[in-house]
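Below is one structure; the comments refer to it alone.
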Amino acid sequence: MQHWLMKSEPAGYGIDDLVAAPNQVTGWWGVRNYQARNFMRDSMRLGDRAFFYHSSCDEPGIAGIVEVCRLAYPDETQFDPASAYFDPRSTPANPRWLQVDVKLLRKTRLVPLRELRSHGELAAMRVLQRGNRLSITPVEPAEWRFIVRLMQS
DNA sequence: GCCAACGTTGGC
DNA sequence: GCCAACGTTGGC
């Protein structure tokens, strides 16, 4: 079982939207980066856990823990000409973009990016690397455990 | 709003 | 296949 970090902009969809969602489940649609898509398609398994990360906001950081509850399947927004995520090169027979579904396990205290950076134990974390833009990144087991402990402090 | 870093596009 | 130009991300 693997661990992940998944970014979302809370102005669009934040942890409180997931708290309020039916069954506290949401589709993780809108990923338009091949590397992030490949993580979902090739590596994510049912039961994998992920940090729900708030990006591009006043206080970027980790806001909760979710669990993958549906394996990768086509993201419908790629077929919708009215959607900002429309991709004219994509067809239902040959979809280019995928999503998974995730279920909320718990909303946690906000662990700010600032705080993550302050811990040498997390120095190698993918999301903290200079220039990182990937919206889905793997999290090492030791990093996962360290951050879960931080959430309780 | 700025800008560094990175991914994608497209001409050649 | 190269690589310059361009668009996007995302912290600050």
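Just the heavy atoms: all of them, side chains too, but no hydrogens, waters or symmetry mates, feed the values below. Every chain is numbered from 1 and lettered A, B, ... according to where its sequence line falls, protein lines coming before strand lines.
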*Within the structure shown, what part of the strands sits under 4.0 Å from A:Arg114 by heavy-atom distance: base, sugar-phosphate, or nothing?*
nothing

_Students often get this wrong, so: under 4.0 angstrom with heavy atoms, is A:Arg32 touching a base, only sugar-phosphate, or nothing?_
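Nothing, no heavy atom under 4.0 Å.
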
_Is it the case that atom CZ in A:Phe146 sees more than 12 heavy atoms from other parts of the structure closer than 6.0 Å?_
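Atom CZ in A:Phe146 is crowded, with more than 12 foreign heavy atoms closer than 6.0 Å.
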
_N/O donor-acceptor pair under 3.5 Å between A:Asp87 side chain and A:Gln78 backbone_ = no

*Pick out which of A:Asn38, A:Val100, A:Val31, A:Val127 makes a side-chain contact (heavy atoms from CB on, under 4.5 Å) with A:Ile136.*
A:Val31

*For the helix from B:dG1-C:dC12 to B:dC12-C:dG1, how many degrees between its two end axes (five pairs per end), to the nearest 10°?*
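Comparing the first five pairs with the last five, the axes sit 10° apart.
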
*Run the salt-bridge test on A:Glu59 and A:Arg114 with the 4.0 Å N-O cut-off and return the result as yes or no.*
yes

_Strictly below 4.0 Å, N to O, side chains only: are A:Glu115 and A:Arg109 in salt-bridge contact?_
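Yes.
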
*Identify the heavy atoms of A:Met40 and A:Leu98 that sit nearest to each other, and give their distance.*
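Here A:Met40 and A:Leu98 meet closest at CE-O, 3.1 Å.
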
*Apply side chain to side chain contact (heavy atoms under 4.5 Å, CB included) to A:Ile65 and A:Phe51, showing your working.*
CA-CA 5 Å; A:Ile65 298 177; A:Phe51 292 130; 4.1 Å; yes

*Evaluate the side-chain proximity of A:His3 to A:Val148: yes if any heavy-atom separation is below 4.5 Å, no if none is.*
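Not in contact.
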
_Opening and closing nucleotides of DNA chain B in contact with chain A, under 4.0 Å to non-hydrogen atoms_ =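 Contact span on the strand: B:dA4 to B:dT9.
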
